[in-house]
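Input: a single structure, listed below in C-alpha coordinates.
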Amino acid sequence: ELYSFFKFNFFRIAQENSYMYRGHPDVSWLSDKRIIHRAQITKDVLPHTRDAFSLCIQNKATIEVDLIVLKDHKIVVGRKEQLAEWMGCREGEVSNMTWLELREKIESKGYISARQIMFLNEFLDYIHGRIPVLLEVKSDDYEETSKQNVGLVNRLVEIVQKYIRQHISINSSGRIAIHSANSCILKMIRKKNCMIPIGQISLDFSKGRYSGVPSEVKKHHKEKKYFDDVIPDFMTYAIEDVENEEIEAECKKYGIPLIGWTVKDKNMQQYAERFCNNIIIEGAESYI
(Lines give C-alpha, C1' and ligand atoms only; values in the text may rest on other atoms or scores of the structure.)
Protein backbone atom coordinates (compact mmCIF):
# COMPACT_ATOMS: atom_id res chain seq x y z
CA GLU A 1 0.00 0.00 0.00
CA LEU A 2 2.84 2.39 0.82
CA TYR A 3 4.56 1.62 -2.49
CA SER A 4 1.28 2.22 -4.34
CA PHE A 5 0.80 5.58 -2.62
CA PHE A 6 4.26 6.89 -3.58
CA LYS A 7 3.99 5.43 -7.08
CA PHE A 8 0.88 7.47 -7.86
CA ASN A 9 1.62 10.57 -5.78
CA PHE A 10 5.34 11.22 -6.19
CA PHE A 11 4.85 13.98 -8.76
CA ARG A 12 2.10 15.58 -6.71
CA ILE A 13 4.23 15.64 -3.56
CA ALA A 14 7.09 17.20 -5.56
CA GLN A 15 5.00 20.22 -6.57
CA GLU A 16 4.08 23.05 -4.23
CA ASN A 17 0.66 23.50 -5.88
CA SER A 18 -0.15 19.82 -5.85
CA TYR A 19 -3.24 17.90 -4.72
CA MET A 20 -1.49 17.11 -1.44
CA TYR A 21 -1.21 20.81 -0.57
CA ARG A 22 -4.23 22.55 -2.09
CA GLY A 23 -6.78 19.82 -2.71
CA HIS A 24 -6.18 19.71 -6.50
CA PRO A 25 -3.30 19.18 -8.91
CA ASP A 26 -1.90 22.38 -10.44
CA VAL A 27 -4.29 23.66 -13.12
CA SER A 28 -3.26 27.32 -13.03
CA TRP A 29 -1.85 26.91 -16.54
CA LEU A 30 -5.41 26.43 -17.85
CA SER A 31 -6.01 30.12 -17.23
CA ASP A 32 -2.77 31.43 -18.76
CA LYS A 33 -3.76 31.56 -22.44
CA ARG A 34 -6.91 31.27 -24.56
CA ILE A 35 -7.49 27.60 -25.40
CA ILE A 36 -7.72 26.82 -29.12
CA HIS A 37 -10.71 24.62 -29.97
CA ARG A 38 -9.74 21.50 -31.98
CA ALA A 39 -6.27 23.06 -32.41
CA GLN A 40 -7.60 25.09 -35.34
CA ILE A 41 -5.82 28.40 -34.80
CA THR A 42 -6.54 29.47 -38.40
CA LYS A 43 -9.03 28.42 -41.06
CA ASP A 44 -6.11 27.71 -43.38
CA VAL A 45 -5.69 24.35 -41.64
CA LEU A 46 -8.20 21.60 -40.95
CA PRO A 47 -9.02 20.85 -37.27
CA HIS A 48 -7.41 17.91 -35.51
CA THR A 49 -4.67 17.52 -38.13
CA ARG A 50 -0.89 17.39 -38.02
CA ASP A 51 -0.74 20.75 -39.82
CA ALA A 52 -3.03 22.33 -37.21
CA PHE A 53 -0.90 20.95 -34.35
CA SER A 54 2.28 22.18 -36.03
CA LEU A 55 0.92 25.72 -36.36
CA CYS A 56 -0.20 25.75 -32.72
CA ILE A 57 3.28 24.63 -31.64
CA GLN A 58 4.81 27.48 -33.68
CA ASN A 59 2.46 29.93 -31.94
CA LYS A 60 2.98 28.36 -28.50
CA ALA A 61 -0.80 27.98 -28.16
CA THR A 62 -2.74 25.96 -25.60
CA ILE A 63 -5.00 23.52 -27.45
CA GLU A 64 -8.10 21.41 -26.83
CA VAL A 65 -8.66 18.24 -28.88
CA ASP A 66 -11.26 15.46 -28.96
CA LEU A 67 -10.59 11.75 -28.48
CA ILE A 68 -12.55 8.82 -29.90
CA VAL A 69 -12.01 5.05 -29.62
CA LEU A 70 -11.83 2.69 -32.61
CA LYS A 71 -12.71 -0.99 -32.95
CA ASP A 72 -9.10 -2.07 -32.22
CA HIS A 73 -9.12 0.13 -29.07
CA LYS A 74 -6.83 2.75 -30.56
CA ILE A 75 -7.57 6.21 -29.18
CA VAL A 76 -7.68 8.67 -32.07
CA VAL A 77 -7.46 12.47 -31.99
CA GLY A 78 -10.51 13.79 -33.86
CA ARG A 79 -14.29 13.94 -34.09
CA LYS A 80 -16.46 11.20 -35.58
CA GLU A 81 -18.39 13.56 -37.85
CA GLN A 82 -15.22 15.12 -39.25
CA LEU A 83 -13.54 11.76 -39.87
CA ALA A 84 -16.71 10.43 -41.50
CA GLU A 85 -16.76 13.43 -43.84
CA TRP A 86 -13.14 12.87 -44.82
CA MET A 87 -13.83 9.17 -45.48
CA GLY A 88 -17.17 9.65 -47.22
CA CYS A 89 -19.01 7.34 -44.81
CA ARG A 90 -21.65 7.53 -42.07
CA GLU A 91 -20.63 8.81 -38.65
CA GLY A 92 -21.71 5.55 -36.98
CA GLU A 93 -19.20 3.58 -39.05
CA VAL A 94 -16.15 5.30 -37.60
CA SER A 95 -16.06 3.46 -34.24
CA ASN A 96 -16.37 0.11 -36.05
CA MET A 97 -13.14 0.63 -37.96
CA THR A 98 -9.61 -0.31 -36.95
CA TRP A 99 -6.81 2.24 -37.09
CA LEU A 100 -5.48 0.64 -40.29
CA GLU A 101 -8.94 0.62 -41.92
CA LEU A 102 -9.50 4.26 -41.02
CA ARG A 103 -6.19 5.37 -42.52
CA GLU A 104 -6.76 3.35 -45.69
CA LYS A 105 -10.27 4.78 -46.09
CA ILE A 106 -9.03 8.35 -45.66
CA GLU A 107 -6.19 7.79 -48.11
CA SER A 108 -8.46 6.24 -50.73
CA LYS A 109 -10.93 9.12 -50.48
CA GLY A 110 -8.13 11.56 -51.17
CA TYR A 111 -9.60 14.55 -49.34
CA ILE A 112 -6.62 14.73 -47.01
CA SER A 113 -3.51 12.62 -46.41
CA ALA A 114 -3.91 9.87 -43.80
CA ARG A 115 -0.66 11.16 -42.32
CA GLN A 116 -2.63 14.14 -41.03
CA ILE A 117 -4.63 11.94 -38.60
CA MET A 118 -2.96 10.73 -35.39
CA PHE A 119 -3.74 8.30 -32.63
CA LEU A 120 -3.13 9.53 -29.09
CA ASN A 121 0.38 8.13 -28.52
CA GLU A 122 1.56 9.52 -31.85
CA PHE A 123 -0.05 12.90 -31.14
CA LEU A 124 1.59 13.24 -27.72
CA ASP A 125 4.96 12.20 -29.13
CA TYR A 126 4.54 14.94 -31.73
CA ILE A 127 3.55 17.59 -29.14
CA HIS A 128 6.54 16.47 -27.05
CA GLY A 129 5.80 18.75 -24.12
CA ARG A 130 6.10 21.91 -26.21
CA ILE A 131 2.58 23.26 -25.60
CA PRO A 132 -0.21 22.64 -23.06
CA VAL A 133 -2.93 20.16 -24.09
CA LEU A 134 -6.52 19.65 -22.95
CA LEU A 135 -7.98 16.28 -24.00
CA GLU A 136 -11.75 15.83 -24.33
CA VAL A 137 -12.96 12.24 -24.00
CA LYS A 138 -16.07 11.46 -26.07
CA SER A 139 -18.10 8.53 -24.74
CA ASP A 140 -21.81 7.63 -24.62
CA ASP A 141 -21.18 4.70 -22.26
CA TYR A 142 -22.16 5.66 -18.69
CA GLU A 143 -21.38 2.36 -16.93
CA GLU A 144 -18.27 2.18 -14.73
CA THR A 145 -18.09 -1.59 -15.03
CA SER A 146 -18.47 -1.81 -18.81
CA LYS A 147 -15.60 -3.50 -20.61
CA GLN A 148 -15.37 -0.57 -23.04
CA ASN A 149 -14.99 2.08 -20.32
CA VAL A 150 -12.59 0.03 -18.20
CA GLY A 151 -10.36 -0.53 -21.22
CA LEU A 152 -10.56 3.10 -22.32
CA VAL A 153 -9.72 4.52 -18.89
CA ASN A 154 -6.86 2.08 -18.30
CA ARG A 155 -5.26 2.91 -21.65
CA LEU A 156 -5.86 6.64 -21.34
CA VAL A 157 -4.39 6.90 -17.84
CA GLU A 158 -1.37 4.79 -18.83
CA ILE A 159 -0.65 6.95 -21.90
CA VAL A 160 -1.12 10.29 -20.15
CA GLN A 161 0.88 9.28 -17.07
CA LYS A 162 3.75 8.22 -19.30
CA TYR A 163 3.58 11.59 -21.05
CA ILE A 164 3.60 13.42 -17.71
CA ARG A 165 6.64 11.46 -16.50
CA GLN A 166 8.52 12.25 -19.71
CA HIS A 167 7.60 15.90 -20.26
CA ILE A 168 6.11 17.64 -17.26
CA SER A 169 8.21 19.56 -14.77
CA ILE A 170 7.35 22.46 -12.49
CA ASN A 171 8.43 25.03 -15.11
CA SER A 172 7.33 23.11 -18.21
CA SER A 173 4.92 24.51 -20.78
CA GLY A 174 3.87 20.98 -21.68
CA ARG A 175 1.00 20.60 -19.25
CA ILE A 176 -1.87 18.19 -19.89
CA ALA A 177 -5.39 17.63 -18.53
CA ILE A 178 -8.51 15.61 -19.39
CA HIS A 179 -12.11 16.78 -19.43
CA SER A 180 -15.36 15.13 -20.43
CA ALA A 181 -19.13 15.53 -20.23
CA ASN A 182 -19.22 11.89 -19.14
CA SER A 183 -18.94 11.92 -15.33
CA CYS A 184 -18.55 8.16 -15.30
CA ILE A 185 -15.25 8.36 -17.20
CA LEU A 186 -14.01 11.11 -14.88
CA LYS A 187 -14.98 9.18 -11.75
CA MET A 188 -13.04 6.17 -13.03
CA ILE A 189 -9.96 8.31 -13.63
CA ARG A 190 -10.30 9.87 -10.17
CA LYS A 191 -10.44 6.42 -8.58
CA LYS A 192 -7.08 5.63 -10.18
CA ASN A 193 -5.62 8.10 -7.67
CA CYS A 194 -3.37 9.50 -10.38
CA MET A 195 -2.00 13.03 -10.78
CA ILE A 196 -3.88 13.79 -14.00
CA PRO A 197 -6.05 16.95 -13.70
CA ILE A 198 -9.67 16.26 -14.68
CA GLY A 199 -12.47 18.66 -15.58
CA GLN A 200 -16.23 18.29 -15.80
CA ILE A 201 -17.92 19.55 -18.98
CA SER A 202 -21.49 20.62 -18.33
CA LEU A 203 -24.35 22.94 -19.32
CA ASP A 204 -27.84 23.93 -18.23
CA PHE A 205 -29.90 20.86 -19.20
CA SER A 206 -33.07 22.50 -17.87
CA LYS A 207 -33.29 24.40 -21.17
CA GLY A 208 -34.29 21.21 -22.96
CA ARG A 209 -31.25 20.73 -25.18
CA TYR A 210 -29.51 17.48 -26.12
CA SER A 211 -32.61 15.29 -26.25
CA GLY A 212 -30.52 12.15 -26.84
CA VAL A 213 -28.82 12.32 -23.44
CA PRO A 214 -30.26 9.79 -20.91
CA SER A 215 -32.54 11.33 -18.28
CA GLU A 216 -30.42 10.05 -15.37
CA VAL A 217 -27.37 11.77 -16.86
CA LYS A 218 -29.28 15.04 -17.22
CA LYS A 219 -30.45 14.70 -13.61
CA HIS A 220 -26.86 14.15 -12.48
CA HIS A 221 -25.82 17.39 -14.21
CA LYS A 222 -28.84 19.41 -13.09
CA GLU A 223 -28.19 18.48 -9.47
CA LYS A 224 -24.44 19.08 -9.93
CA LYS A 225 -23.60 15.75 -8.33
CA TYR A 226 -20.25 15.74 -10.09
CA PHE A 227 -18.87 18.09 -7.44
CA ASP A 228 -19.17 15.26 -4.93
CA ASP A 229 -18.43 12.12 -6.93
CA VAL A 230 -16.00 13.38 -9.60
CA ILE A 231 -14.39 16.14 -7.48
CA PRO A 232 -13.30 18.01 -10.64
CA ASP A 233 -10.13 20.10 -10.72
CA PHE A 234 -11.82 22.55 -13.08
CA MET A 235 -15.21 23.12 -14.75
CA THR A 236 -15.84 23.59 -18.47
CA TYR A 237 -19.29 25.13 -18.90
CA ALA A 238 -21.38 26.01 -21.98
CA ILE A 239 -20.85 29.68 -22.78
CA GLU A 240 -24.57 30.43 -23.26
CA ASP A 241 -25.24 29.15 -19.71
CA VAL A 242 -22.15 30.46 -17.97
CA GLU A 243 -23.97 33.37 -16.31
CA ASN A 244 -24.94 31.02 -13.53
CA GLU A 245 -24.57 32.04 -9.88
CA GLU A 246 -24.70 28.44 -8.65
CA ILE A 247 -21.82 27.31 -10.87
CA GLU A 248 -19.76 30.37 -9.99
CA ALA A 249 -20.40 29.78 -6.28
CA GLU A 250 -19.50 26.08 -6.47
CA CYS A 251 -16.27 26.77 -8.38
CA LYS A 252 -15.25 29.37 -5.82
CA LYS A 253 -16.20 27.03 -2.98
CA TYR A 254 -13.95 24.27 -4.31
CA GLY A 255 -11.24 26.67 -5.50
CA ILE A 256 -11.35 25.52 -9.13
CA PRO A 257 -11.28 27.54 -12.38
CA LEU A 258 -14.34 27.97 -14.61
CA ILE A 259 -13.69 27.68 -18.35
CA GLY A 260 -16.31 28.66 -20.94
CA TRP A 261 -16.90 26.72 -24.18
CA THR A 262 -17.03 27.56 -27.06
CA VAL A 263 -16.47 31.26 -27.84
CA LYS A 264 -16.93 32.08 -31.54
CA ASP A 265 -16.64 35.87 -31.82
CA LYS A 266 -15.36 38.97 -30.04
CA ASN A 267 -18.72 39.87 -28.48
CA MET A 268 -19.09 36.40 -27.01
CA GLN A 269 -15.53 36.59 -25.73
CA GLN A 270 -16.21 39.86 -23.89
CA TYR A 271 -19.38 38.36 -22.39
CA ALA A 272 -17.61 35.17 -21.26
CA GLU A 273 -14.70 37.00 -19.70
CA ARG A 274 -17.10 38.54 -17.17
CA PHE A 275 -17.73 35.12 -15.62
CA CYS A 276 -14.92 32.75 -16.64
CA ASN A 277 -11.30 32.28 -15.67
CA ASN A 278 -10.61 31.32 -19.26
CA ILE A 279 -12.34 30.38 -22.52
CA ILE A 280 -12.08 27.85 -25.32
CA ILE A 281 -12.20 29.73 -28.61
CA GLU A 282 -13.11 28.86 -32.18
CA GLY A 283 -12.10 30.97 -35.18
CA ALA A 284 -9.20 32.30 -33.14
CA GLU A 285 -7.44 34.10 -35.97
CA SER A 286 -10.08 36.84 -36.13
CA TYR A 287 -10.02 37.99 -32.52
CA ILE A 288 -7.46 36.18 -30.31
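To the nearest 0.5 Å, atoms NZ (Lys71) and CG (Leu100) are separated by 12.0 Å. Residue Glu81 holds its CD atom at 8.5 Å from CG of Leu83, rounded to the nearest 0.5 Å. Here the CG-NZ distance, from Leu70 to Lys80, works out to 9.5 Å after rounding to the nearest 0.5 Å. Rounded to the nearest 0.5 angstrom, Met87 CE and Glu101 CD are separated by 10.0 Å. The distance from the CD atom of Glu248 to the CD atom of Glu246 is 11.0 Å, given to the nearest 0.5 Å. For the atom pair Ile201 CD1 and Tyr237 OH, the distance stands at 12.5 Å (nearest 0.5 Å).
By the side-chain hydrogen bond (donor to acceptor under 3.5 Å, both in side chains) test, Ser113 pairs with no residue at all, sequence neighbours left out. Judged as a ring pair (Phe, Tyr, Trp, His ring centres under 6.0 Å), and not counting sequence neighbours, the contacts of Phe53 are Phe123. With sequence neighbours excluded, the residues that form a side-chain hydrogen bond (donor to acceptor under 3.5 Å, both in side chains) with Asn154 are Lys192. Annotation: ring pair (Phe, Tyr, Trp, His ring centres under 6.0 Å) contacts of Trp29 (sequence neighbours excluded): none. For Asp228, the side chain to side chain contact (heavy atoms under 4.5 Å, CB included) criterion is met by Tyr254, not counting sequence neighbours.
A donor-acceptor contact under 3.5 angstrom links the side chains of Asp26 and Ser28, judged on distance only. Side-chain atoms of Tyr271 and Glu243 form a donor-acceptor pair, as typed in the model, at a separation below 3.5 Å. For the residue pair Gln116 and Asp51, a side-chain donor N or O sits within less than 3.5 Å of a side-chain acceptor on the partner.
By the 30° and 60° cut-offs, the orientation of the rings of His220 relative to Tyr226 is tilted.
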### Task
Please lay out, stage by stage, how Glu250 and Lys224 fare under the test salt bridge (charged side-chain N to carboxylate O under 4.0 Å, His left out).
CA-CA 9 Å; Glu250 291 290 343; Lys224 302 175 182 59; over 6 Å; no
### Message
Arg34 vs Ile279, test: side chain to side chain contact (heavy atoms under 4.5 Å, CB included). Steps then yes/no.
### Response
CA-CA 6 Å; Arg34 299 294 175 247; Ile279 51 176; 3.3 Å; yes
### Message
side chain to side chain contact (heavy atoms under 4.5 Å, CB included) for Glu240 and Met268? Distances and angles first, verdict last.
### Response
CA-CA 9 Å; Glu240 56 267 38; Met268 194 180 287; over 6 Å; no
### Task
Kindly indicate, with the supporting measurements, whether the criterion salt bridge (charged side-chain N to carboxylate O under 4.0 Å, His left out) is fulfilled by Asp141 and Lys147.
CA-CA 10 Å; Asp141 187 339; Lys147 185 177 180 180; over 6 Å; no
### Task
Let me see the working for Leu67 and Val77 under side chain to side chain contact (heavy atoms under 4.5 Å, CB included), right down to the final yes or no.
CA-CA 5 Å; Leu67 303 179; Val77 179; 4.0 Å; yes
### Query
side chain to side chain contact (heavy atoms under 4.5 Å, CB included) between Ile256 and Gln200: does it pass, once the steps are laid out?
CA-CA 11 Å; Ile256 62 176; Gln200 178 69 60; over 6 Å; no
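Taking each heavy atom of Gly129 and Tyr163 in turn, the nearest pair found is N-OH, 2.9 Å. Summarising the geometry of Met118 relative to Trp99, their closest heavy-atom pair is C-CH2, 3.7 Å, with the distance given to 0.1 Å. The heavy-atom pair separating Ala39 from Val65 by the smallest distance is CB-CG1, 4.2 Å. When all heavy atoms of Arg79 and Asp66 are compared, the closest pair comes out as CG-OD2, 2.8 Å. Heavy atoms only, all atoms of each residue included: Pro257 and Ser31 are closest at CB-OG, 4.0 Å. The heavy-atom pair separating Ile36 from Ala61 by the smallest distance is CG1-CB, 3.9 Å.
For Lys225 and Glu216, the salt-bridge test fails: no basic side-chain N is under 4.0 Å from an acidic carboxylate O. In this structure, Lys162 does not pair ionically with Asp125, as no charged nitrogen and carboxylate oxygen lie closer than 4.0 Å.
Applying the salt bridge (charged side-chain N to carboxylate O under 4.0 Å, His left out) test to residues at least two apart or on different chains, the pairs with a partner in residues 129-140 are Glu136-Lys138.
With a 6.0 Å radius and a threshold of 12 heavy atoms from other residues, nucleotides or ligands, Lys222 has its NZ atom above the threshold. Heavy-atom contacts from other residues, nucleotides or ligands closer than 6.0 Å to CD of Glu158 number 12 or fewer.
Taking hydrophobic clusters as Ile, Leu, Val, Met, Phe, Trp and Tyr residues chained together by side-chain heavy-atom distances below 4.5 Å, Leu120 shares a cluster with Ile57. Under the 4.5 Å side-chain contact rule for hydrophobic residues, Val160 and Val76 do not share a cluster. Two different hydrophobic clusters hold Met97 and Leu152 under the rule that ILVMFWY side chains link at heavy-atom gaps under 4.5 Å. Hydrophobic clustering (side-chain heavy atoms under 4.5 Å, transitive across Ile, Leu, Val, Met, Phe, Trp, Tyr) groups Val69 together with Ile178. Taking hydrophobic clusters as Ile, Leu, Val, Met, Phe, Trp and Tyr residues chained together by side-chain heavy-atom distances below 4.5 Å, Tyr126 does not share a cluster with Leu102.
Under the 3.5 Å distance criterion, the side-chain polar atoms of His221 are matched with a main-chain donor or acceptor of Ala181. A donor-acceptor contact shorter than 3.5 Å links the side chain of Glu107 to the backbone of Ala114. Of the possible donor and acceptor atoms, one in the side chain of Asn277 sits under 3.5 Å from a partner among the backbone N and O of Leu258. Of the possible donor and acceptor atoms, one in the side chain of Asn149 sits under 3.5 Å from a partner among the backbone N and O of Glu143. Here the side chain of Asp204 pairs no donor or acceptor atom with the backbone of Asp241 at under 3.5 angstrom. Judged purely by atom type and a 3.5 angstrom limit, Gln40 has no side-chain atom pairing as donor or acceptor with the backbone of His48. Looking at Arg190, its side chain does come within 3.5 Å of a backbone N or O of Val230 through a donor-acceptor pair. With hydrogens and angles ignored, the 3.5 Å screen pairs no side-chain donor or acceptor of Lys105 with any backbone N or O of Val94. In this structure, Arg155 contributes its side chain and Ile75 its backbone to no donor-acceptor pair below 3.5 Å. At least one donor-acceptor pair under 3.5 Å links the side chain of Ser180 to the backbone N or O of Val137.
Residues Ser215 and Lys219 form no side-chain contact, since every pair of their non-hydrogen atoms from C-beta on lies 4.5 Å or further apart. Residues Leu134 and Phe234 are in side-chain contact: their nearest non-hydrogen atoms beyond the backbone lie under 4.5 Å apart. In this structure, Leu186 and Pro232 have side chains that are not in contact, with every pair of non-hydrogen atoms separated by 4.5 Å or more. Residues Asn182 and Tyr142 have side chains in contact (heavy-atom distance under 4.5 Å, counting atoms from C-beta outward).
Screening Asn59, Ile63, Ile281 for a side chain to side chain contact (heavy atoms under 4.5 Å, CB included) with Ile41, the sole residue that qualifies is Asn59.
Taking the ring centre of Phe119 as origin, the terminal cationic atom of Lys74 falls inside the region bounded by 6.0 Å and 45° from the ring axis.
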